[in-house]
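Please read the structure below before turning to the comments.
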Amino acid sequence: MMTPGLLRNELERGLQSSVRSIWGEAIPADFRADVSASDNLEFGDLSCQAAMRLAGIVKDNPRSIAGRIAEAMADSIEGISSFSIDGPGFINFRLKNGYLASVAFDLASGGLQPLLPDTGAGRNALVEYVSSNPTGPLTVGHCRQAVLGETISNLLEASGWTVSREYYFNDAGRQINLLGESLAARYLSAEGGETSVPEGGYHGDYIIDWASDLRALHGTGLTWASDPDTFIHFAEEKAMEMIRSGLSLLGIEFDRYFAESELIPEAVTDTIKRLSSITVDDMSLVYSDSEKLWLRFTALGRPKDRVIIREDGTYTYRMPDIAYHLDKFSRKYDLIVDIFGADHLDTSRDVTAALECLLGREVVSEKLRVVIHQFVTLVKDGSRIKMSTRSGEFVTLRELINDAGSADVTKYLFLTRRAEAHMDFDLGLAKKQSSENPVYYVQYAHARIAGILRRAGEAGISIPNEFSSGISKLLQGEYERELMRLLESVPVDVAAASDAMEPHRLTEILAELATGFHRFYQHVRVVDTDNRNLSAARLMLCGACRRCISDLLGILGVDAPDRM
RNA sequence: GCGCCCGUAGCUCAGCUGGAUAGAGCAGCGGACUUCUAAUCCGCAGGCCACAGGUUCGAAUCCUGUCGGGCGUACCA
């Protein structure tokens with residue numbers, strides 16, 4: 001099967017060998033003749049700009065270089081019908097109609113997956129995301145990360161990776177203690193006690209509900225002084241429950257919730273031992289300062305040394321985080337993906353530096369990929385809202401989904417922006433936006449196609465079972481070709497999105513597909529009982545489009561409805 | 001102060017491993033439903049790509065600086 005990816009590879013190889021056969025040694029070893037999609041149909045379907053980049057190297061003008069390259073292209077590449085030299089020196093290629101139609105046929109019959117390059121080849125990837133500590137419900141900020149992580153996981157799976165989704169949380173630190181103490185305060189104050197939420201504690205109303213649940217279960221009489229573990233465990237359980245229910249609203253299921261306490265007891269001490277045995281410029285990586293233990297991050301190229309063990313003997317959170325990452329590496333994954341908010345950037349760099357020092361720079365840079373996303377700023381009535389779980393001021397995931405109308409709308413909205421872009425989210429506009437949301441535009445295209453397929457079924461017309469050149473001869477019209485060209489580029493673009501781990505590109509592709517189909521629909525009649533062969537051929541394009549849309553929406557975790 | 005991210009149409013954002021006239025959605029204006037779903041399509045209008053330099057045959061894209069916004073700069077996570 002000639003796939004869009006293979007076609008481009010062969011074309012690039014052909015161009016490269018042609019360049020080498022002409023100029024030989026003058027060409028740098030790493031020279032690549034890239035082929036990309038033409039952004040304007042007038043310039044053909046694919047375009048190569050190697051000639052312009054070679055101009056300086058071989059001392060000739062780009063147009064003449066382009067001519068020589070094209071002339072030397074050995075045999076014509078399967079699927080390419082013609083080329084031309086245009087503009088300053090672009091080599092433009094036109095794709096054969098038969099090839100375009102065959103790709104559409106493959107899409108219609110087997111969906112997107114078989115046409116995607118098998119980059120992962122069954123290797124194992126671990127994706128860590130959300131990883132919010134159990135201190136309260138998931139908020140708008142977590143939502144972006146959850147959706148990002150889930151879609152990246154799906155995208156990796158689409159390109160052949162076996163993905164494990166993991167949620168890491170800290171169940172041993174002082175935050176959990178504070179949470180327990182905050183619960184105790186609510187519990188006791190309901191009994192008329194004077195206790196108030198502790199300094200730095202959690203003020204959210206949800207803790208009041210937990211307190212009454214706790215009384216229902218344990219009655220009265222518990223005190224923070226004598227039963228701290230009861231409060232802590234209850235609070236943690238409740239918080240995890242809230243988090244899980246939030247995630248289920250988004251349709252997200254983790255393969256594993258990894259608690260810090262699950263790290264074997266020696267994991268952290270062993271890590272410290274290993275770090276202690278390392279010296280950089282005759283200085284130990286670990287040093288003590290009276291009662292505290294420091295890690296010399298500055299020796300690893302980081303801006304500041306950090307405390308790793310406090311005076312009371314407890315670890316600061318970088319330490320277990322390093323140990324946890326070592327654990328991940330020891331589990332023999334081929335790819336380890338961390339998804340973090342911008343506030344974790346600095347820490348993540350520290351952890352990476354420590355890992356590079358312990359495992360070797362090559363191993364870490366080969367396996368570890370960190371995706372950092374910027375924050376979501378909530379805007380209400382024109383002004384920004386500062387969110388904080390601790391102060392109890394936040395908008396939950398659930399409220400957000402209710403406001404936006406559905407989980408699908410919410411997910412799609414978050415995925416239209418790239419991770420590094422800051423996001424303003426106007427709550428007041430959420431509802432208004434949702435009725436004119438791009439997701440409906442895409443879903444509507446899908447529903448329209450489903451409608452055509454139903455109608456065709458009633459008329460006894462179906463997509464051909466086998467591909468033949470006769471089919472492509474029926475698809476010569478302007479709108480057919482436009483749609484086929486679009487469909488042909490989808491697998492390549494999806495593969496690129498997967499390699500870059502940039503899910504927002506999928507929403508771009510979807511919007512293009514929907515636009516392409518709506519245009520096609522507007523101008524071309526599909527079901528026509530007087531032209532059954534033509535109908536069947538056009539139906540094939542509809543089927544290809546439908547599969548592409550539903551497969552892509554599937555990767556985003558968004559529903560592809562048959563009726564709207 | 002220092003580090004990272006961002007600054008593109010009225011609004012929300014794509015485009016950023018340099019390339020052929022800078023794109024989309026929404027908002028605005030004007031057209032298209034006896035025909036497979038008008039949640040659609042077609043057209044018009046809208047831009048010193050924050051600003052100033054630099055590299056290049058060629059810059060929204062790369063480099064430097066300035067301004068503006070976000071995040072971090074904890075013995076919180």
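So that the names make sense, note that chain A is the first sequence line, chain B the second, and so on, each numbered from 1.
Considering only side-chain N and O atoms, A/Arg519 lies under 4.0 angstrom from the phosphate OP1 or OP2 of B/C42. Taking side-chain N and O atoms only, A/Arg448 has a distance below 4.0 Å to OP1 or OP2 of B/A38. Contact between the side-chain N/O atoms of A/Tyr521 and the OP1/OP2 oxygens of B/A38 is found at a separation under 4.0 Å.
The side-chain heavy atoms of A/Asn170 and A/Asp321, taken from C-beta on, include no pair separated by under 4.5 Å. No side-chain heavy atom of A/Leu148 sits less than 4.5 Å from a side-chain heavy atom of A/Tyr129. Proximity of A/Gln522 to A/Arg519: side-chain heavy atoms (C-beta onward) are nowhere separated by under 4.5 Å. A/Arg546 places a side-chain heavy atom less than 4.5 Å from the side chain of A/His446. Taking the side chain as every heavy atom from C-beta outward, A/Leu285 and A/Leu300 approach each other to under 4.5 Å. Contact check for A/Asp171 versus A/Met240: no side-chain heavy atoms found under the 4.5 Å cut-off.
In the set B/C5, B/C4, B/C36, B/C5 carries the atom at the smallest distance from any side-chain atom of A/Glu420. When the nucleotides B/A77, B/A39, B/A20 are ranked by their closest atom to the side chain of A/Arg174, B/A77 comes out on top. In this structure, of B/A20, B/G19, B/A77, it is B/G19 that holds the atom nearest to the side chain of A/Arg53.
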Could you list, one pair per line, each protein nitrogen or oxygen that sits under 3.5 Å from a nitrogen or oxygen of nucleotides 14-18 of chain B, together with the distance?
unit_1 : atom_1 : unit_2   : atom_2 : d
B/A14  : OP1    : A/Arg418 : N      : 2.8
B/A14  : OP2    : A/Arg418 : NH1    : 3.0
B/A14  : O2'    : A/Glu508 : OE1    : 2.7
B/A14  : O2'    : A/Glu508 : OE2    : 2.7
B/G15  : OP1    : A/His504 : NE2    : 2.9
B/C16  : N4     : A/Arg418 : NH2    : 3.3

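Of the C1' atoms belonging to B/C41 and B/C33, the separation is 11 Å, rounded to the nearest Å. A gap of 37 Å separates the P atoms of B/U55 and B/C71, to the nearest Å. Across B/U56 and B/C51, the matching P atoms stand 23 Å from one another, rounded to whole Å. Comparing the same atom, C1', in B/C16 and in B/U35 gives a spacing of 45 Å after rounding to whole Å. Rounded to whole Å, the C1' atom of B/A22 lies 8 Å from the corresponding atom of B/G47. Straight-line distance between the C1' atoms of B/A59 and B/U64: roughly 15 Å, to the nearest whole Å. Using C1' as the reference atom, B/U61 and B/U8 are 12 Å apart when rounded to the nearest Å. B/G15 sits 10 Å from B/G7 when the P atoms are compared, rounded to a whole Å.
Residue A/Asn533 places its CG atom among 12 or fewer non-hydrogen atoms of other residues, nucleotides or ligands, all under 6.0 Å distant. At most 12 non-hydrogen atoms from other residues, nucleotides or ligands lie less than 6.0 angstrom from CD of A/Glu393.
Between A/Tyr441 atom OH and A/Leu510 atom CG the span is 11.5 Å, to the nearest 0.5 Å. Once rounded to the nearest 0.5 Å, the distance linking OG1 of A/Thr416 with CG of A/Leu506 reads 12.0 Å.
A/Asp562 comes within contact range of at least one nucleobase, with a heavy-atom separation under 4.0 Å. Contacts of A/Ser132 with the nucleic acid, taken as non-hydrogen atoms under 4.0 Å apart, are absent. Contacts of A/Val524 with the nucleic acid, taken as non-hydrogen atoms under 4.0 Å apart, include base atoms. Across all strands, A/Asp350 comes closer than 4.0 Å to no nucleic acid atom at all (heavy-atom distances).
Ring planes of A/Tyr324 and A/Tyr168: parallel class, angle under 30° (limits at 30 and 60°). The aromatic rings of A/Tyr521 and A/Phe517 sit tilted relative to each other, their planes meeting at an angle between 30° and 60°. Between A/Phe93 and A/Phe83, the angle of the ring planes lies from 30° to 60°, which puts this pair in the tilted group.
The side-chain ring of A/Tyr441 is not stacked on the base of B/G25, judged by centre separation under 5.5 angstrom and plane angle under 30 degrees.
The nearest whole Å value for the distance from the CZ atom in A/Phe414 to the C1' atom in B/G25 is 18 Å. The separation between A/Asn177 atom CG and B/A77 atom P is 11 Å, rounded to whole Å. What separates CE of A/Met564 from P of B/A39 is a distance of 9 Å, to the nearest Å. Distance A/Tyr440 OH to B/G25 C1': 15 Å, rounded to the nearest Å.
In the region residues 526-536 of chain A, proximity to RNA chain B at under 4.0 angstrom, judged on heavy atoms, holds for A/Val526, A/Val527.
Judged by closest nucleotide on RNA chain B, A/Arg454 is the one of A/Arg454 and A/Tyr315 placed further toward the 5' end.
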For each nucleotide in nucleotides 67-74 of chain B, reading 5' to 3', give B when a protein heavy atom comes within less than 4.0 Å of its base, S when such contact involves only the sugar-phosphate, and - otherwise. --BBSSSS
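With pairs defined as Watson-Crick or G-U wobble and both atom distances under 3.5 Å, the stems of at least three pairs that touch RNA chain B come out as B:1-7 with B:67-73, B:10-13 with B:23-26, B:28-32 with B:40-44, B:50-54 with B:62-66.
Remark: A/His373 engages no residue in a side-chain hydrogen bond (donor to acceptor under 3.5 Å, both in side chains) (not counting sequence neighbours). With sequence neighbours excluded, the residues forming a side-chain hydrogen bond (donor to acceptor under 3.5 Å, both in side chains) with A/Glu480 are A/Arg538, listed by chain and number.
Between A/Tyr167 and A/Tyr257, the distance separating the two ring centers is shorter than 6.0 angstrom.
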